[in-house]
Every structure is written in structure tokens, then in C-alpha cells.
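Following: one structure in C-alpha cells, then a few remarks.
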Amino acid sequence: MPGSARADLRMCNNTESRVGVSLGYRDASGWVTEGWWNLKGRTCETLVRGELSAKYFYVYAVDYDRGGEWNGRSFMCTREREFVIRGVEDCLARGFDRSGFIEIDTGQQKAWTIELTDPGRSMPGAPPAIAAAPRG
């Protein structure tokens, strides 16, 4: 329908850098991680199309141009090249990398936007920030 709101999970890169993004979530079969979405600076991309089926999503992102990453305390499997990995256990033993993801609580909204921003300039060593909000 023209003019109707889309229900998707979107990622916006609000930095000047090129960024690689990986996503973790739980589906009916268990934990899944996938990547990489490559976002140019100041762009957005849809990571999950349609109504969100999970309350929690997990994000790990890497700044290709300046180095650094957006990471958290929820550890899941990744790898350097494009991937879809089932399960979050024994990443290294299975030949994958182990990366810390940031938990995003969508509050059971049907659409959500995650925004990557630059680290705070006022505090040296401050981590990059992620802002997340429902989209309507």
C-alpha cells in the first residue's frame, strides 16, 4: 500500500567512515549470527525485512577507515568474510572468531532503527555509541 509504514530492522551509519556490521539473533532453531553488511558513511541499510520476530538483536560493527569497533558483552561467532553461523558456543574450536556484540532491546516493536555514531570527543578513549529507537 502506498504510504504505509514498513516494518524492518534498519542500521544507519552516522559516521564518515565505511563500517562493517554483523547481526546476531535467536530464531526458532536457536542462535544465528550473520554478516557483513558494508555501509558507507552517512547511509542506512535494511538488515531484516518485515516485522521483527525477535525482541533482542545483537550488533557488532567495525570501522574500516579509522579502526575501532562497536562491541559489547554478548559473545557470538563471526568470521572475516561473509557468513551465516548457527550457534554461539565454541566459536574458536569451530574455526570462527569470537566477538562481543551489543544487545539491542526492541521492546517487541515491529520496526526499529539502530544508529552508529562517532565516539564522544569530550572523553578520550570513549567507545563509539549506538542509539536505537522504534521507527514508525
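When a residue number appears, it is its place in the shown sequence, counting from 1. Not measured: the values here are computed from a predicted model.
Within the structure, the disulfide (SG to SG under 2.5 Å) test picks out the following pairs touching residues 15-90 (sequence neighbours left out): C12-C44, C77-C91. For the salt bridge (Lys or Arg N to Asp or Glu O under 4.0 Å) condition, no pair includes a residue of residues 72-84, sequence neighbours left out. Listed by first and then second residue, the salt bridge (Lys or Arg N to Asp or Glu O under 4.0 Å) pairs involving residues 19-34 are D27-R86 (not counting sequence neighbours).
Every residue two or more places apart in sequence or in another chain that forms a side-chain hydrogen bond (donor to acceptor under 3.5 Å, both in side chains) with D63 is listed here: S17, R66. Listed by chain and residue number, R42 satisfy the side-chain hydrogen bond (donor to acceptor under 3.5 Å, both in side chains) test with E16 (two or more places apart in sequence, or in another chain). Residues forming a ring pair (Phe, Tyr, Trp, His ring centres under 6.0 Å) with Y58 (at least two apart in sequence, or on another chain): W31. Under the rule for a salt bridge (charged side-chain N to carboxylate O under 4.0 Å, His left out), K40 has no partner lying at least two apart in sequence or in another chain. Taking E89 as the reference, nothing meets the salt bridge (charged side-chain N to carboxylate O under 4.0 Å, His left out) condition, with sequence neighbours excluded. Partners of D97 by salt bridge (charged side-chain N to carboxylate O under 4.0 Å, His left out), not counting sequence neighbours: none found. Taking R98 as the reference, nothing meets the side-chain hydrogen bond (donor to acceptor under 3.5 Å, both in side chains) condition, with sequence neighbours excluded. For Y64, there are no ring pair (Phe, Tyr, Trp, His ring centres under 6.0 Å) partners at least two apart in sequence or on another chain. Under the salt bridge (charged side-chain N to carboxylate O under 4.0 Å, His left out) criterion, R18 pairs with D65, not counting sequence neighbours.
For the pair Q108/K55, a side-chain contact is recorded, criterion being any heavy-atom separation below 4.5 Å from C-beta on. Here the side chains of R10 and T46 are in contact, with some heavy-atom distance below 4.5 Å. Contact annotation: the side chain of I85 approaches that of R94 to within less than 4.5 Å [non-hydrogen atoms, C-beta and beyond]. Contact annotation: the side chain of F101 approaches that of T78 to within less than 4.5 Å [non-hydrogen atoms, C-beta and beyond]. Between F57 and W112, every side-chain heavy-atom pair lies at or beyond the 4.5 Å cut-off. Counting heavy atoms from C-beta on, the side chains of L23 and T33 never come closer than 4.5 Å.
Closest heavy-atom contact between V62 and W70: C-CZ3, 4.0 Å. Among all heavy-atom pairs drawn from L116 and A61, the shortest one is CD1-CB, 3.9 Å.
Hydrophobic clustering (side-chain heavy atoms under 4.5 Å, transitive across Ile, Leu, Val, Met, Phe, Trp, Tyr) groups V84 together with V48. In terms of hydrophobic clustering, with Ile, Leu, Val, Met, Phe, Trp and Tyr side chains grouped at heavy-atom distances under 4.5 Å, V59 and F75 are assigned to different clusters. No continuous path of ILVMFWY side-chain contacts below 4.5 Å connects M76 to W37, so the two sit in separate hydrophobic clusters. Grouping the Ile, Leu, Val, Met, Phe, Trp and Tyr side chains by contacts below 4.5 angstrom, directly or via other members, places M11 apart from Y56. Both I104 and V21 are members of a single hydrophobic cluster when ILVMFWY side chains are connected at heavy-atom separations under 4.5 Å.
Test T15, N14, N13 against E115 for side chain to side chain donor-acceptor pair (under 3.5 Å) and you get one pass: N14.
Between Y60 and W36, the ring planes are tilted. Angles from 30° to 60° get that label.
Note that the OG1 atom of T113 and the CG atom of L47 stand 10.0 Å from one another [nearest 0.5 Å]. A distance of 11.0 Å separates CD in Q109 from CD in E51, rounded to the nearest 0.5 Å. The distance from atom OG of S22 to atom CD of E69, rounded to the nearest 0.5 Å, is 10.0 Å. Separating the CG atom in L9 from the CD1 atom in I114 is a distance of 4.5 Å, to the nearest 0.5 Å.
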